[in-house]
> 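Can you keep this structure in mind? I'll have questions shortly.
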Amino acid sequence: MLNCFRVPLTILLLALSITCSHAFQKYRHPEIKSAVFLSPKFVLDQGSVVNEYYSNIDFPRGHIAIKGFNAEVVDEAGHPVPLHETYLHHWVIARYYQCLNATNPEHDDRQKNKKPDHIFVRNSGICQNNSLGQYYGLGSETRGTNSDVPDPYGIEVGNPADIPAGYEEGWLLNVHAIDTRGVEDKLGCTECRCDLYNVSKDEYGRPLRPDYIGGLGCCYDHTQCRLRDDSESAKRNLYLRYTVKWIDWDEFIVPVKIYIFDVTDTWKRLDNSTGQNSEHECHVEYNIEPCSTSGMTDIRCTDSKRTSLLMPIGGYIIYGVAHQHSGGIGSTLYGEDGRVLCSSIPTYGQGKEAGNEAGYIVGMSTCYPQPGSVKINVGETLILESNYSSAQRHTGVMGLFYILVADQLPKPRLSLRVPIAKQVNKV
């Protein structure tokens, strides 16, 4: 009788082992899909600026997990354009829900129900007032910065349960590019120095502050940076070519939340009944003053800007990267006890070809901690530090830090095999 029981148990164990093996194989090795898209065409002439927003762009549809997103500027032949010709100040990809009848302005039901045409879906970050709510965004470093989300994690989008009735998911792309061919001062143009753009008002016609010497307020769409006398018109058609990686959503994927921190964040605690415990104003950009007024530069001069940030929830960091402009020498995110959560260092180019342009940041190092090794506690106060060389003045620089946080760790992969082995040993 004992032998009769051993045979079916062995067969049962084998069958269960095969089933579990297939499940774990799917868990470890999801099929990653990839697609390459082009933005709508934008036209740049020498010294000109484009800062366009494109809604309803091409993007993978359905309930998926985003595994990576990257982009670069290309010409009509598909050739990458070097930064010393067209400087990619930034690109941003944002998520929203749009009313199914948003293209019909005479749709009465929408007016009666007072439903908005679009609902912006922000990331989980703490910046407010429509600031830094995007899902992805980089600048000159985009070609050399890894954006892949490690397995088994993913950024969940397209879940039908999250999309309000009468809406569909859409994606918005913002491209801010500056043509520096033939300009008088390439660095000044890319840092949006107001005197080089000869502007005194912002894009909405509001006067700029007297102390505002450079930044996004001076290099908006259709502005012109000062050219050399020998410059000639040379318009060309360009595109942002972007690559999306994703997998179909399944039960084995661990969702992550996106947080974008800003070193210029000025915030205060709130004591009210609304449930909101802090108010954040992220200024996004700031200036670096030279360390010496004598005109003598010192390579040891460093501007270090710090801010403390209250983390509303806890979790495990699975990815991190900083965003800086030319002059940046690295950024670090610290825990409340001073431990390093993630440090991100820029790589500067050494040549002329696209992806290795001398003097430009062409990549940022990234953090991929071992699962469970870097945890943020609920309500923990983090410290963000952004370092720049102050050997010379820099205007409109940024000190952002992106992290992906998982609420939980992946389930143990062999959890189903342990009880089966114990049951066999008892026979």
Side-chain angles (χ1 to χ4, degrees), residues 41-53 72-75 80-91 139-142 174-240 283-290 292-293 295 297 303 324-328 348-349 351-352 354 357-362 388-398:
K41 177 183 67 178
F42 54 92
V43 182
L44 282 176
D45 201 349
Q46 291 194 8
S48 65
V49 178
V50 63
N51 189 23
E52 288 283 358
Y53 292 83
E72 65 174 340
V73 174
V74 298
D75 61 20
V81 178
L83 293 169
H84 52 75
E85 293 181 6
T86 297
Y87 179 75
L88 184 56
H89 187 280
H90 69 258
W91 59 262
S140 68
E141 76 275 24
T142 184
N174 169 222
V175 180
H176 186 192
I178 302 171
D179 193 303
T180 60
R181 295 172 299 162
V183 299
E184 185 179 286
D185 181 348
K186 284 183 180 287
L187 179 62
C189 289
T190 62
E191 293 189 340
C192 302
R193 271 180 34 198
C194 299
D195 60 328
L196 292 174
Y197 285 90
N198 194 30
V199 298
S200 58
K201 297 180 180 180
D202 67 14
E203 59 183 315
Y204 305 105
R206 299 171 301 196
L208 296 171
R209 302 189 318 267
D211 62 342
Y212 191 85
I213 59 174
L216 292 169
C218 290
C219 59
Y220 44 89
D221 198 33
H222 294 114
T223 52
Q224 175 73 46
C225 199
R226 187 184 304 158
L227 298 174
R228 300 191 308 267
D229 292 338
D230 59 349
S231 298
E232 297 180 359
S233 177
K235 291 184 178 181
R236 62 179 177 183
N237 301 327
L238 301 174
Y239 305 83
L240 190 78
H283 301 277
V284 182
E285 58 181 5
Y286 63 105
N287 296 333
I288 305 295
E289 295 301 325
S292 173
T293 58
T297 60
D303 179 277
Q324 293 188 311
H325 290 186
S326 294
Y348 283 84
K352 294 183 177 181
E357 300 93 332
Y360 296 87
I361 294 181
V362 295
Y388 273 82
S389 167
S390 58
Q392 66 181 101
R393 168 180 281 174
H394 296 283
T395 61
V397 304
M398 296 184 182

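Along the sequence shown, the residues carry numbers beginning at 1. Given the structure is predicted, the values throughout are model-derived calculations rather than measurements.
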> Show your working on salt bridge (charged side-chain N to carboxylate O under 4.0 Å, His left out) between Glu289 and Arg393 and close with a plain yes or no.
CA-CA 5 Å; Glu289 295 301 325; Arg393 168 180 281 174; 2.9 Å; yes

> Compute whether any side-chain donor of one residue and acceptor of the other, for His394 and Glu191, lie under 3.5 angstrom apart.
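Side-chain D/A pair, His394 to Glu191: present.
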
> With no hydrogens and no angle check, do the side chains of Asp45 and Ser233 hold a donor and an acceptor under 3.5 Å apart?
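Side chains of Asp45 and Ser233: pair found under 3.5 Å.
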
> Can you tell whether the side chains of Arg181 and Glu85 come within less than 4.0 Å, N to carboxylate O?
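Glu85 and Arg181: not salt-bridged.
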
> Less than 2.5 angstrom apart at the SG atoms, yes or no, for Cys189 and Cys225?
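Yes, disulfide present: SG-SG under 2.5 Å.
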
> Of all residues at least two apart in sequence or in a different chain, which pass the salt bridge (charged side-chain N to carboxylate O under 4.0 Å, His left out) check with Asp229?
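Counting only residues at least two positions away or on another chain, Asp229 forms no salt bridge (charged side-chain N to carboxylate O under 4.0 Å, His left out).
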
> Within the 4.5 Å heavy-atom criterion, are Ile288 and Gln392 side-chain neighbours or not?
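No, every pair of side-chain atoms sits at 4.5 Å or beyond.
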
> Do other residues, nucleotides or ligands put more than 12 heavy atoms under 6.0 Å from Asn198 CG?
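No.
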
> Please enumerate all residues that pass salt bridge (charged side-chain N to carboxylate O under 4.0 Å, His left out) together with Asp221, with sequence neighbours excluded.
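In terms of salt bridge (charged side-chain N to carboxylate O under 4.0 Å, His left out), with neighbours along the sequence ignored, Asp221 is linked to no residue.
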
> Can you pull out every ring pair (Phe, Tyr, Trp, His ring centres under 6.0 Å) where at least one residue sits in residues 182-204? Sequence neighbours excluded, please.
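Listed by first then second residue: nothing to list.
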
> With under 30° as parallel and over 60° as perpendicular, where do the rings of Tyr388 and Tyr286 fit, or are they tilted in between?
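Ring orientation of Tyr388 relative to Tyr286: perpendicular.
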
> Do Val362 and Ser140 make a side-chain contact, defined as non-hydrogen atoms from C-beta onward lying under 4.5 Å apart?
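Val362 vs Ser140: side chains apart.
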
> Should the pair His90 and His176 be assigned to parallel (<30°), tilted (30 to 60°) or perpendicular (>60°) ring geometry?
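Aromatic pair His90/His176 classed perpendicular.
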
> Would you say Cys192 and Cys218 have SG atoms less than 2.5 angstrom apart?
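With an SG-SG separation of 2.5 Å or more, Cys192 and Cys218 do not form a disulfide.
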
> Are side-chain N/O atoms of Asn174 and Asn51 paired as donor and acceptor at under 3.5 Å?
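Present: a donor and an acceptor within the cut-off.
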
> Looking only at heavy atoms, which two atoms of Pro80 and Ala354 are closest? And how far apart?
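Pro80 and Ala354 have their closest heavy atoms at CB-CB, 3.8 Å.
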
> Can any side-chain N or O of Tyr212 pair as donor or acceptor with the backbone N or O of Gly217 at less than 3.5 Å?
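Yes, the answer is positive, given that a donor and an acceptor are paired below the 3.5 Å cut-off.
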
